[in-house]
Amino acid sequence: MNAFKDAGHLFRFAGLFVLAFVVFLVIRGYVVPKSFGQYGHYRGAAMGEIAAHPVKFAGHQACEACHTDVAEAKNKGKHAHVNCEACHGALAKHADDPATVTPTKPDPAVLCARCHTATAAKPKGFPQVNPADHSGGVPCETCHQPHSPAIVDAGGAK
Amino acid sequence: MNLSRRHFLVLAPAAAIAWKALLAGTPEEAANYKMSEHWWGMLIDVPKCIGCGNCVRACATENDVPEGYFRTWVERYHVEDENMTNPQVISPDGGKEGFPVAAEDAGKYFFVPKMCNQCADSPCTQVCPVGATFVSPDGVVLVDPKYCLGCAYCVQACPYGCRYIHPEKKTADKCTLCYHRITKGLTTACCESCPTGARQLVDLKNPKDPIHEFLKTHPVQVLKPQMATGAKAYYNGLDGSVR
């Protein structure tokens, strides 16, 4: 015990260190978010916040749940693999509330040309035309129904 | 109670540690979604891309991407006959409004959609000084805007140029692989709106995902494999001239 007789000042100093450490832990407990370090060196709750972003494209499953007739027609034609919102745009609001939010009909003159205008950069097998030469200004939908674009009565042109 | 200094010194840290453990509750996950059951990636089928720009527009709409910034974009390559190492690349407004008509002439043209490669060993997360960006347990590289300082180290570190500083939030922003959609069982906005199936969301932990068969049977590549980023955007039919 004699060895510690004159060491009182050291104990007081050590006590201060311990106190500072406790204060540090308490402040850290307040400042560092609960989920920090849950999965790694980041805030785990951030994932939930990012996942809370509103959905704007409803997804073709939602469209097909109601518009079964259109889906059926589309799935028989060459546009079977084109999802509804690829042409009609983001319509989650319409899917959530079909009565009040009514979508506007897209303009085929813009939409058809966007994919089917001929250019050397497109894959060779992809159906593409020069719109001016192809129809001479006649709207696409005069001959092609967008949901099933093959011309049936003309012997099934592509 | 008569608390001696000795007891106080023992009890105080113990109390602090216990209190900290009490605070560390379990943050909730989305219902019916288990992060441990997924490992997300993307398949990009270059020969199917027609350069319509649907993905770029859909991404901007879905994620409120500011004008002039891109989480995904489409590039058009023009490689003249022998000039493989010097392709001419254009991406007007990210390909949002399509591309000028390419004339038939010497060389080849093709489109390459670009986006965050969702690297498993991502250079962008390694440089973040504050733990604001990370690879989630389901394999998506995300940014925590509440932690991001906007120092832009990650913007420089990404070898694919997939990050930017959001002009209003002043924090790093990037493709989230539509994390708000894939955690609800939907596909990404770009995949949903791609008319040719050139982009497909893949779940590498799902044994039934057709990606496994696809990877076995196709010449698939990732961008900049020499950088060992563990990129999970798999490009099918990628030309050697693509950067």
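In what follows, chains are A, B, ... by sequence order, proteins preceding strands, each numbered from 1. Remember, it's a predicted structure, so these values are computed and weren't measured experimentally.
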Can B:Asn63 and A:Lys56 be said to form a side-chain contact (heavy atoms from CB on, under 4.5 Å), step by step? CA-CA 8 Å; B:Asn63 298 298; A:Lys56 304 205 175 121; over 6 Å; no
With a 6.0 Å cut-off (strictly less than), is the heavy-atom count around NZ of B:Lys205, excluding the residue itself, greater than 12? yes
Heavy-atom check, side chain of A:Pro123 versus side chain of B:Pro47, under 4.5 Å: no
Polar side-chain atom of A:His53 near backbone of B:Arg181 as donor-acceptor pair, under 3.5 Å: no
So for B:Asn54, is it side chain, backbone, both, or neither that comes closer than 4.5 Å to the heavy atoms of chain A? side chain
Interchain contact, B:Leu186 with chain A, by part (heavy-atom threshold 4.5 Å): side chain
Toward chain B, the part of A:Ala92 with a non-hydrogen atom under 4.5 Å: neither
I'd like to know which of A:Gly89, A:Cys84, A:Pro54 tops the heavy-atom pair count under 4.5 Å against chain B. A:Pro54
Cut-off 4.5 Å, heavy atoms of chain B, and the answer for A:Ala58 is backbone
Taking heavy atoms only and a threshold strictly under 4.5 Å, list by residue number the residues of residues 195-203 of chain B that touch chain A; give 'none' if the list is empty. B:Pro195, B:Thr196
Using heavy-atom distances under 4.5 Å, tell me whether A:Gln128 contacts chain B through its side chain, its backbone, both, or neither. neither
Quick check for you: among B:Ile50, B:Val101, B:Asp144, B:Val46, which has the greatest number of heavy-atom pairs under 4.5 Å with chain A? B:Ile50
So which part of B:Cys49 gets closer than 4.5 Å to some heavy atom of chain A, the side chain, the backbone, both or neither? backbone
For the candidates A:Glu85, A:Gln61, A:Glu49, which exhibits the highest count of non-hydrogen atom pairs separated by less than 4.5 Å from chain B? A:Glu49
Which portion of B:Lys108 sits near chain A, non-hydrogen atoms under 4.5 angstrom: neither
Looking at A:Ala51, is its backbone amide N or carbonyl O close enough to the side chain of B:Lys184 to form a donor-acceptor pair, meaning the two atoms are under 3.5 Å apart? yes
Okay, B:Cys191 and chain A: the region with an atom under 4.5 Å from a heavy atom over there is backbone
When you look at A:Lys122 and B:Tyr109, which way does the side-chain contact (heavy atoms from CB on, under 4.5 Å) test go after all the steps? CA-CA 8 Å; A:Lys122 278 179 188 168; B:Tyr109 289 93; over 6 Å; no
Go through A:His81, A:His60, A:Arg43 and name the one with the most non-hydrogen pairs under 4.5 angstrom from chain B. A:Arg43
Any residues in residues 131-143 of chain B near chain A, with a heavy-atom distance under 4.5 Å, and which are they? B:Gly131, B:Phe134, B:Val135, B:Ser136, B:Pro137, B:Leu142, B:Val143
Please classify the contact of A:Phe57 with chain B as side chain, backbone, both or neither, using a heavy-atom distance under 4.5 Å. both
Which atoms of A:Val18 are under 4.5 Å from chain B, going by heavy atoms: the side chain, the backbone, both sets, or neither? side chain
Can you say whether B:Thr61 sits under 4.5 Å from chain A via the side chain, the backbone, both, or neither, judging by heavy atoms? both
When B:Arg57, B:Glu97, B:His78, B:Arg76 are compared by non-hydrogen pairs under 4.5 Å with chain A, the top option: B:Arg57
